[in-house]
> 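Can you read through this structure? Questions will come right after.
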Amino acid sequence: MLHSALGRNAGIDALAEKFTAAGHTVHTPDFYEGRTFTTAEAGVGHAEEIGFSRLVDRVAAACAGLPGELVFAGLSLGAGIAQQMGKNDPRARGALLLHGGGFPKPTRWQSQVPVQIHFAVDDEWRDHGTAEFLLESAARAGAQAEHLLYPGATHLFSDETSPDHVPEHAELLLARALEFLDRA
């Protein structure tokens, strides 16, 4: 489970613990190497300094020794990286994208990698159309794909440490994500 632009913080650890409590093995690599941020703007600035490709490389290196089939999950920026891992890692068996994900145009996708995307309808960080391109790419490859929307304009509504947290939406997201994992 890959953290947002805020870095690996108590919010990602709390969410990962919910998946662990449901019986899943969860790894939370810190691709910011210990850095955390209190605003999305500062965290995104840090990510831009490093570069998206380098962040993906850090995650790939952190996951290289993990055995077996994997579902890549992430929040916001982490969802974009999880999407790249789902697209490229032959061990991928699912991509769970929370508050992020999508392509600016149709692209290739692995047929064995179902994808589930979660966004608030009016999330300011959501680029309209990009999730649809990802869904189209997955469907063209023969993979199952779902785009689940939630009311409101909050971004990290599943992160209990975020001011965007919406408990009822977070509970529904968790239930849907666990169902997805059961199928993956």
> What do the steps show when you test His27 against Met1 for side-chain contact (heavy atoms from CB on, under 4.5 Å), and what is the final call?
CA-CA 6 Å; His27 301 275; Met1 181 167 287; over 6 Å; no
> Give the minimum heavy-atom separation between Gln110 and Pro90, together with the two atoms involved.
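That closest heavy-atom pairing would be OE1-CA, 3.8 Å.
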> How are the rings of His155 and Trp125 set to each other: parallel, tilted or perpendicular (split at 30° and 60°)?
tilted
> Are Phe157 and His165 an aromatic pair, judged by ring center distance below 6.0 Å?
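No, the ring of His165 stays outside the 6.0 Å limit from the ring of Phe157, centre to centre.
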> Flag the pair His99 / Phe119 as yes when their ring centroid distance falls below 6.0 Å, and as no otherwise.
no
> Looking at Lys18 and Glu160, is any side-chain nitrogen of the basic one under 4.0 Å from a carboxylate oxygen of the acidic one?
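A salt bridge is present here (some side-chain N lies under 4.0 Å from a carboxylate O).
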> Distance to the ring centre below 6.0 angstrom and angle to the axis at most 45 degrees; does that hold for Arg93 and Phe72?
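Verdict for Phe72: no cation-pi partner in Arg93.
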> Is the shortest side-chain N to carboxylate O distance from Arg183 to Glu146 below 4.0 Å?
yes
> Could you give the distance from CD1 (Ile81) to CE (Met85), rounded to the nearest 0.5 Å?
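Answer rounded to 0.5 Å: 9.5 Å.
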> In Å and rounded to the nearest 0.5 Å, what is the NE2 to CG distance from His118 to Leu75?
10.5 Å
> With distance as the sole test, does Gln116 use its side chain to make a donor-acceptor pair with the main-chain N or O of Leu98 at under 3.5 Å?
no
> Counting heavy atoms not belonging to Gln144, are there more than 12 under 6.0 Å from its CD?
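12 or below, so no.
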> Which heavy-atom pair separates Leu97 from Ala79 by the least distance, and what is that distance?
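Looks like CD2-O, 3.2 Å.
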> If we ignore angles and hydrogens, is there a donor and acceptor under 3.5 Å between the side chains of Arg8 and Thr28?
yes
> Taking atom CZ of Phe133 and atom CG of Asp127, what is their separation to the nearest 0.5 Å?
11.5 Å
